[in-house]
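Below you'll find the structure, written out as structure tokens, and then a few comments.
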Number of protein chains: 2
Amino acid sequence: MVSIKDLAKHLDISIGTVSRALNDKPDVNKQTRAKVLQAADNLGYVANQSGRSLRQGTTNAIGFLIESGADTEGNSDNFFMGVIDGLQSELSKHKLDLLVLPCSTDEDPENYVKRMVARQLVDGMIISATHTIDKRIDFLSKSKLPFVALGQSETGKNHPWIDLDFEGVARVSIDRFVKNGHQRIAIALSANQLNLGSIFLKSYKDSLKRHDIEFAPELVLQANSNDKGGYAIADELLNLNDRPTAILLVHELMAHGLYRRFAEDGLVVGRDLAVIGFRNSAQARMFSPSLTSFKLSLRDLGIALAASLLSTMPAYQKHYSGKMLSQIWPMEIVDGESDAVKIPKNPI
Amino acid sequence: MVSIKDLAKHLDISIGTVSRALNDKPDVNKQTRAKVLQAADNLGYVANQSGRSLRQGTTNAIGFLIESGADTEGNSDNFFMGVIDGLQSELSKHKLDLLVLPCSTDEDPENYVKRMVARQLVDGMIISATHTIDKRIDFLSKSKLPFVALGQSETGKNHPWIDLDFEGVARVSIDRFVKNGHQRIAIALSANQLNLGSIFLKSYKDSLKRHDIEFAPELVLQANSNDKGGYAIADELLNLNDRPTAILLVHELMAHGLYRRFAEDGLVVGRDLAVIGFRNSAQARMFSPSLTSFKLSLRDLGIALAASLLSTMPAYQKHYSGKMLSQIWPMEIVDGESDAVKIPKNPI
DNA sequence: TATAGTATCGTAAACGTTTACGGAAATTAA
DNA sequence: TTAATTTCCGTAAACGTTTACGATACTATA
């Protein structure tokens, strides 16, 4: 590996000048700068990050914290890949690299964050899979490392975050159901602890209240956010005395199981039950009848996350003066056939 | 941030001794070591990685190179998440951290690898999405950085690699088809350049030859590895003069489109066409009739990759004396209903 | 011409570690 | 008691950068 010292020796100038030339500092002659850049290119010089980090206390890298376990909230499709692509697109504008830091299922997330922060290999962090009570946020708030959370938490709010508009998804869904005459509307939630569920549930309740529909606890169903869970929920639903006529699937990965269970009884989604899913994954289009769902541009979300983070970092703030730190990320509904049924005469 | 210097001052001993105590070096008194560890814990000391890297030229981290674009050969999030979990499980045994390095769709993969190597933030690399001709491998071979490839390449083979047993998958599939009386057997490949396709195709041809079945070029179908591609392939297949009675889907993400296209003509997979898919994804179980496919433990694959890499790194070799550097990763077939049809009397 | 200002560069310290080396104290051997 | 050995610890250099500071030479101003 060729160092700055080698460059200096090769050009017979001081390492200080070489460094200044490489870093576009003002007080260096144009010709010498040209020579330095030329030589750097020839010899294949590239700055050693450790040396640079040690001196400046900066790494030119941003970390994206994810959980590497298999089923993280049913994000089975390319959720992260899409977000990552957006993150990079924005970060690369500032010559920042993205390091994805996967927290293993074996390790306590808080401990993992501590380790990664201590390692000092990133200048800022984006954390995902936010929990209602999230110790990582506690820790990061205390540390001086800039960070942005994908997903709100109740742990502390004076940090930037971006959250998908779960509230809006639930509201729009319920409104649409009600508009079509539905009165008994169910909601299917994931069985885990993520904050997502509580937001959805609250918005669901609020929407019902707005329409003067009484909240029925038995219509809040919980299961794992996958095929099996969907089957179980459909089963539970079909066994209710007073069956719902519509259901909102917070995790549309449940959809397939639901379709499957219905098919077993000769029932058809969209005719015997109105279904709206969240969030428009690659699979959503595959259903028959097609699933009404919500569209989300993962790439744009990634870009927004990066912008939000950078706007809190002094070195980059100038580029993001007008940006909002935190925001609710809106999503558009995409019409399918699964919620076609209106005011059913024979509620299932 | 508390440094080793702070620790030394606090304990009124030299920084050399502190460092030795923390790193389990032999020549340090047991009591002083205990004191040092205690103080480090109290003050929340954790070694600065930049300083350490600069001095030792080592980072205690392994990089996993992936491509962050949306459709990377149908390897959705789950694929990587599973592998990552396995990687970490093995790496953590040696106190190594895993950094996932996503190559953006905007950037040339070779250039990205160069940048990441130059950054010197990992001691070794695992690269994925290997192409038949892969410049990254060229570069890494020249550099001194240890690496292992997930997927073979023709670029140079004197480096460790692990490849899924595509050859076996094709062979077992064709054998099973033939055993059930099929003679016209198609194969659906992805339309892109990955090495996977060529291996599959070769094995497909070899298997046919073994059974004295003439190779028919029109039975090699190509499309994008997704729902639409499957639909297109089914369409093409149904328009053939002499239709095949069986098909091997190299990317079972195509399966849904194929099912869909068949349903349109009132045809049923498993009755009117024998289908075997690859690789047993979460969706595979959801099909009806269920898709016969191949099982793959992503976690175990990750563990093997890590072991393979570490066995080439001097500092860790002692733990992996007997390990093989490169290997073909076997997969088991999982019976479904999609290939139930035997020697059809009325070939579609 | 003398002075002030400017452009350019070299010097050296600092970031936080690790580690080779040597020295002092403690222990053992004679 | 002395010499030899061992145990423990401090010193200082080194890794590759960046950057404050000062020095030099040149240019413009009076």
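Proteins get letters first, then strands, A, B, ... in listed order; numbering begins at 1 in each. Values below: all heavy atoms of this structure, side chains included; hydrogens, waters and symmetry mates excluded.
Residues that satisfy the side chain to side chain donor-acceptor pair (under 3.5 Å) test with A:E107, not counting sequence neighbours, are A:N111, A:R115. Considering only residues two or more places apart in sequence or on other chains, B:D123 meets the side chain to side chain donor-acceptor pair (under 3.5 Å) condition with B:T58, B:T59. In terms of the ring pair (Phe, Tyr, Trp, His ring centres under 6.0 Å) criterion, residue partners of A:Y316 (sequence neighbours excluded) are, by chain and number, A:H94.
Taking atom CG of B:L22 as the reference point, atom P of C:dT17 lies 9 Å away to the nearest angstrom. Protein atom CG of B:L7 is 12 Å distant from nucleotide atom P of C:dG16, rounded to whole Å. D:dT17 atom P lies 11 Å from atom CE of A:M1, rounded to whole Å. Rounded to a whole Å, the NZ atom of A:K25 is 17 Å from the C1' atom of C:dG10. Summarising the geometry, the separation between CG on B:N23 and C1' on C:dT17 is reported as 9 Å, rounded to the nearest angstrom.
For D:dT17, the OP1/OP2 oxygens have no side-chain nitrogen or oxygen of A:K5 closer than 4.0 Å. Between A:Q56 and C:dC15, a side-chain N or O to OP1/OP2 separation shorter than 4.0 Å is absent. Between A:Q31 and C:dT8 there is no side-chain N or O to OP1 or OP2 distance below 4.0 Å.
Counting only residues at least two apart or on different chains, no ring-ring contact (aromatic ring centres under 6.0 Å, His included) pair has a member in residues 14-34 of chain A.
A heavy-atom distance below 4.0 Å to DNA chain C is reached by none of the residues of residues 46-53 of chain A.
A:S14 and A:T17 form a side-chain donor-acceptor contact under 3.5 Å, judged by distance and modelled atom types alone. Residues B:D85 and A:T105 bring a donor and an acceptor atom of their side chains to less than 3.5 Å of each other. Counted by atom type alone, B:S53 and B:Q49 present one or more donor-acceptor pairs between their side chains at under 3.5 Å.
Here the side chain of B:D163 pairs a donor or acceptor atom with the backbone of B:Q152 at under 3.5 angstrom.
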Q: Starting at the 5' end of nucleotides 4-14 of chain D, put B wherever the base has a protein heavy atom under 4.0 Å, S where only the sugar-phosphate does, and a dash everywhere else.
A: ----BBBB-BB

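No option in B:I66, B:L65, B:L87 other than B:L87 meets the side chain to side chain contact (heavy atoms under 4.5 Å, CB included) test with B:I126.
Here the side chain of B:L54 is nearest to one of C:dG16, D:dT17, D:dT18, namely C:dG16.
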